[in-house]
J.: 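Here's a structure for you.
As a basis for the values below, the full set of heavy atoms in this structure was taken, side chains included, without hydrogen atoms, waters or symmetry mates. Each chain gets a letter, A, B and so on, in the order the sequences are listed, and its residues count up from 1.
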Amino acid sequence: MNYISEDIFPKNYKHLDVEKKIVQEWDKENIYSNFNPDSKKKIFSVDTPPPTASGYLHIGHVFSYSHQDFIVRFRRMMGEEIFYPMGWDDNGLPTERRVQDYFNVKCDPEEKSVENILEKIKENKKSSSALKVSRNNFIELCHIVTTEDEKVFKELFMKIALSVDWNHEYTTIQDLPRELAQKSFIDLYEKGFVYNTDSPSLWDPEFQTAVAQAEIEDREMPGAFHDIRFETESGESFNISTTRPELLAACVGVAAHPKDKRFKHLIGKNAITPLFGIKVPIFGSELVDMEKGTGILMVCTFGDNVDVQWWQENNLDTRIIVNKYGRLDEVNFGSEGWESKSPEKANIYYSRILGKNLKQAKSEIVDMLSNKDNFENEPALIGKPKEITHSVRFYERSKTPLEILSTRQWFVKLMDKKELLIEKSNQIDWHPDFMRKRFENWTENLQLDWCISRQRFFGVPFPLWYKLDQSSKPDYNNPIVADISDLPIDPTEDTPLGYSESDRGKPNGFIGEKDVFDTWFTSSLTPQIGGKWDKNDNFLDKVFPYDIRPQSHEIIRTWAFYTVVKSALHHNDIPWKNVIISGWVLDPDRKKMSKSKGNVVVPNDLIETYGADAVRYWAANARLGSDTANDEQIFKVGKKLVVKLFNASKFVLNGAPESIDIKNITEPLDLSLIYLFNEYLGQITKNMENFQFSDALNKLEDFFWNYFTDNYIELVKNRSKFNDYGQKTLSGLTTLRLVLENLLKLFAPFTPMITEEIWGWVYRNKNSNYKSIHFEKWPEKLNLDFKDISSEALIIAREAIGAVRKEKTNMGLSLGAEVKEVTIIANKDLQSVLSKVIDDIKDASRSQSIIIKTDSQEGIRASID
RNA sequence: GGGCGAUUAGCUCAGUUGGUUAGAGUGCAGCGUUGACAUCGCUGAGGCCGUAGGUUCGAAUCCUUCAUCGCCCACCA
């Protein structure tokens with residue numbers, strides 16, 4: 001029998017050096033980048049979230065990506081073939097803005113691409129105005145900017161030991177994701193799931209684009225009710241209440257509750273709007289809240305969603321006054337649709353707000369309404385505006401409230417698919433399960449189809465052209481759809497089949513669609529992008545539906561929702577079997593971390609101070625779906641665990657047998673430890689299979705600290721380390737090494753660095769092949785001949801040694817003090833078990849002799865002589 | 001207004017299908033060690049298990065009410 005000698009161990013554990021070394025080795029050996037789709041093993045696939053490349057890194061990333069990695073590493077050790085790709089999302093406004101600022105350029109789809117865009121930018125450097133560049137050139141520039149960010153991200157992800165397969169790395173501006181987004185559109189078009197229409201939809205005047213319901217957020221804003229006197233045709237007056245007097249010129253109706261006695265007599269009559277003198281119908285609607293304002297209100301084109309509903313239901317006129325820039329557009333009172341009692345006056349009043357933004361227009365209108373010169377008797381504005389706070393809808397990135405404008409947009413039909421989507425969600429396992437409710441809640445409450453067109457410049461273009469008739473009017477109902485084999489295309493630069501470039505914009509020619517997709521339209525294809533949809537034989541089929549989709553809860557309504565939509569519509573399938581929801585990282589005051597609050601924690605500092613293993617340990621302590629505080633204390637505990645693993649391993653491996661033969665495990669205490677280990681292993685494995693990594697880790701720690709290090713090692717120390725008891729010593733040494741190795745494997749998903757380091761001491765130098773603990777098999781129950789031994793022996797021995805320690809403490813003795821005689825007093829039922837391990841207890845007590853006394857009391861006590 | 005979650009020791013959290021005296025880690029206090037240990041061990045203090053009802057032989061656990069906190073959504077005239 002050969003034994004391991006101590007010269008293979010370093011003296012101290014320096015996490016910075018070791019972790020750096022290990023990351024380099026993993027990278028050099030490419031140990032995680034070797035997914036084989038044809039493997040006979042069961043495939044485990046991850047629909048990894050692609051971080052926004054122009055974002056910044058915070059501890060929340062480390063938190064949630066660690067969660068995935070615990071699961072992935074466990075599955076890998078379970079012998080599964082891991083598909084763990086990584087993407088970077090560089091679509092969208094953040095990148096667009098950065099590229100604009102960085103190069104002083106502006107994307108213009110009308111521009112033609114040039115070869116040497118960087119030179120052009122150099123030439124433009126002195127100019128103060130932004131250089132107009134084509135969409136393709138803009139994409140080129142995005143690559144340049146985002147590549148740098150992606151490098152930083154990748155470095156961090158490697159630093160925290162994510163076992164990502166870097167052979168399957170993509171960015172959303174690459175050709176393949178753009179191609180697949182266009183292909184997705186064409187597939188939906190052919191299936192009749194998309195349509196375009198010119199109808200009221202949500203519009204952001206700041207970014208000048210349509211937005212989808214999912215991108216809206218409500219913000220509490222100050223506002224004011226303005227009470228404005230209206231009159232009926234016959235001169236009866238009444239006061240409406242509005243927070244948006246600037247839309248007075250767009251008024252198309254007046255509504256009151258049909259049961260409201262105050263206004264019942266008005267319903268069916270017509271009102272005349274003040275200043276503009278427009279005749280509008282007064283109608284009843286259950287939707288009117290009698291308590292709010294004056295209980296009677298004006299309906300405009302379009303103040304809010306309900307206005308749209310009333311407009312449709314009551315066939316009201318349309319009076320558009322707000323344009324795409326959020327300014328008051330030109331109108332002509334007296335012309336058709338704008339018939340006024342006194343058009344001249346109306347036009348004069350309107351000229352004061354023409355071209356103004358909505359805020360300016362509001363104060364002008366209020367000014368005019370309160371000027372008594374504008375009215376025969378009293379001014380139309382009654383009293384002072386009553387200030388209120390109300391919630392206003394915004395596009396989440398914008399500072400200007402949303403408007404409802406009539407614009408032509410493309411939509412994915414969803415309103416008729418709610419049931420289907422909920423059915424799909426029910427086929428998915430959500431972790432934790434209650435997160436499913438968020439999905440259902442959102443789906444049931446959907447009000448609009450998914451608006452997928454954005455009037456932005458950077459993004460994936462629609463693969464569409466429109467035919468022009470003789471008068472150059474586009475035929476939106478019969479678009480020319482690109483051929484799948486030509487994708488990706490840019491319709492502002494590429495020419496449709498059957499036309500030549502000279503036909504562009506000409507009568508009987510064509511025009512290209514300028515709009516780009518909502519970025520979620522591409523992001524919702526991460527499963528298809530990762531699986532290279534139809535590009536690479538049946539690669540997608542091998543990994544789809546994915547096993548897990550890890551993500552956080554605030555994007556259930558967007559990313560999770562749209563991904564389910566896409567998979568349902570394209571494949572009539574679920575995209576993944578499990579959704580793994582990580583909570584948020586809160587600061588110690590339980591506030592959500594955000595850049596604006598300035599409470600963001602930079603992960604690099606934490607990794608430097610505590611080590612990646614300790615940071616991962618902290619992440620592993622939070623259950624799925626629950627938020628966690630950024631608590632320094634837990635990092636310290638993690639670091640303590642790492643150091644303990646290091647020291648315990650050094651102690652166990654020093655002098656351990658070079659090979660393990662389980663037949664050498666013969667002693668009752670040793671068998672008992674293994675019996676208990678088997679019990680723990682069963683629970684830990686079950687937890688890991690159910691994605692309950694924090695429960696698994698807690699159990700593992702419990703065994704490691706309370707049984708293995710604090711007690712078993714102490715009990716067996718003398719027998720195995722400092723005495724030669726022959727077979728008994730060998731049994732102890734073998735057990736120590738066997739259990740340690742199994743524990744290291746169980747810790748490996750959580751603390752992959754320290755476990756890899758220790759594993760390397762013993763295995764790395766053996767042969768030239770790199771041998772990583774992370775490709776070892778997850779432990780299975782150790783089948784030994786336990787005879788009549790169960791976990792009880794160890795538990796009793798632990799209690800007995802505890803009693804001895806307590807007694808020594810009471811007597812003021814050091815725990816290591818040699819004593820003459822120890823008496824263990826125990827319940828007589830325990831006697832037979834106790835006697836099997838009594839020699840180990842004697843050794844650990846450092847006593848010359850030991851006696852067992854029995855009585856009928858519960859538990860175990862000790863006395864020392 | 002609708003939905004979801006949380007409420008257990010100073011702090012962070014466990015508590016399995018209801019079952020003795022409610023646990024862990026951390027922090028605090030005291031003692032003892034420091035021969036695998038940037039340690040470790042022992043001891044101690046500290047809980048009306050958010051509130052009020054109910055079911056039950058028995059409730060932190062099941063039901064109902066309310067309160068507080070957080071999140072998602074809706075309302076936005």
J.: Looking for any heavy atom pair under 4.0 Å, which part of the strands does A:Tyr13 touch: base, sugar-phosphate only, or nothing?
T.: base

J.: Look at the side chain of A:Lys644 and decide which nucleotide, out of B:C72, B:C40, B:G41, has an atom nearest to it.
T.: B:C40

J.: Looking at A:Lys686, I'd like to know if its NZ atom is crowded, meaning that more than 12 non-hydrogen atoms belonging to other residues, nucleotides or ligands lie closer than 6.0 Å.
T.: no

J.: With A:Phe276, which residues qualify under ring pair (Phe, Tyr, Trp, His ring centres under 6.0 Å), at least two apart?
T.: A:Phe333

J.: Suppose we call two aromatic rings close when their centres sit under 6.0 Å apart. Are A:Trp618 and A:Tyr610 close by that rule?
T.: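 No - the distance between ring centres of A:Trp618 and A:Tyr610 does not fall below the 6.0 Å cut-off.
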
J.: Reckon A:Ile556 touches a base, only the sugar-phosphate, or nothing at all at heavy-atom distances under 4.0 Å?
T.: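 If one applies the 4.0 Å heavy-atom cut-off, A:Ile556 turns out to touch nothing in the nucleic acid.
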
J.: Using the P atom as the point on both nucleotides, what is the distance between B:C62 and B:C49, in whole Å?
T.: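 Nearest-Å result for B:C49 against B:C62 at atom P: 16 Å.
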
J.: What residues form a salt bridge (Lys or Arg N to Asp or Glu O under 4.0 Å) with A:Glu741, not counting sequence neighbours?
T.: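 Salt bridge (Lys or Arg N to Asp or Glu O under 4.0 Å) check on A:Glu741 returns A:Arg737.
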
J.: When you look at CD of A:Glu291, are more than 12 heavy atoms from neighbouring residues, nucleotides or ligands closer to it than 6.0 Å?
T.: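 Incorrect, the count does not exceed 12.
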
J.: Under a 4.0 Å threshold between the charged nitrogen and the carboxylate oxygen, would A:Lys644 count as salt-bridged to A:Glu701?
T.: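 No.
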
J.: Using the test salt bridge (Lys or Arg N to Asp or Glu O under 4.0 Å), find all partners of A:Lys386 that sit at least two apart in sequence or belong to another chain.
T.: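 A:Lys386 satisfies salt bridge (Lys or Arg N to Asp or Glu O under 4.0 Å) with A:Asp227 once adjacent residues are dropped.
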
J.: Can you figure out which of B:C73, B:C71, B:A14 approaches the side chain of A:Trp584 most closely?
T.: B:C71

J.: Using Watson-Crick and G-U wobble pairs whose two distances are both under 3.5 Å, how do you write the pairing of RNA chain B as dot-bracket, with | for links to another strand?
T.: (((((((..((((.....[...)))).(((((.......))))).....(.(((..]....))).))))))))....

J.: State which of B:G15, B:G5, B:C42 makes the closest approach to the side chain of A:Arg805.
T.: B:C42

J.: When the P atoms of B:C11 and B:C48 are compared, how many Å lie between them, rounded to an integer?
T.: 12 Å

J.: Assign a letter to each nucleotide of nucleotides 24-30 of chain B from its 5' end: B, base within under 4.0 Å of a protein heavy atom; S, sugar-phosphate only; -, no contact.
T.: --SS---

J.: Expressed in whole Å, how much space separates the C1' atoms belonging to B:U20 and B:A67?
T.: 33 Å

J.: Using a cut-off of 4.0 Å on non-hydrogen atoms, how would the nucleic acid contact of A:Gln683 be classed: base, sugar-phosphate, or nothing?
T.: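 Result for A:Gln683 = nothing.
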
J.: Say we look at B:A24 and B:U64: how far apart would their P atoms be, to the nearest angstrom?
T.: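 Looking at atom P only, B:A24 and B:U64 are 33 Å apart.
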
J.: Could you tell me whether A:Asn441 contacts a base, only the sugar-phosphate backbone, or nothing, with contacts defined as non-hydrogen atoms closer than 4.0 Å?
T.: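 Base, at least one base atom sits under 4.0 Å.
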
J.: What's A:Ser649 touching, base or sugar-phosphate or nothing? Going by heavy atoms closer than 4.0 Å.
T.: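 Result for A:Ser649 = nothing.
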
J.: Using the salt bridge (Lys or Arg N to Asp or Glu O under 4.0 Å) criterion, which residues pair with A:Asp710? Sequence neighbours excluded.
T.: none

J.: Quick one: which of B:G5, B:A74, B:C72 gets closest to the side chain of A:Gln447?
T.: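 The closest nucleotide is B:A74.
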
J.: Answer with yes or no whether A:Asn305 presents, from its side chain, a donor or acceptor under 3.5 Å of a partner atom in the base of B:C75.
T.: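 No, the side chain and the base share no sub-3.5 Å donor-acceptor pair.
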
J.: Flag this pair as yes if the NZ/CZ of A:Arg616 is under 6.0 angstrom from the six-membered ring centre of A:Phe70 and inside a 45 degree cone about the axis; otherwise no.
T.: no

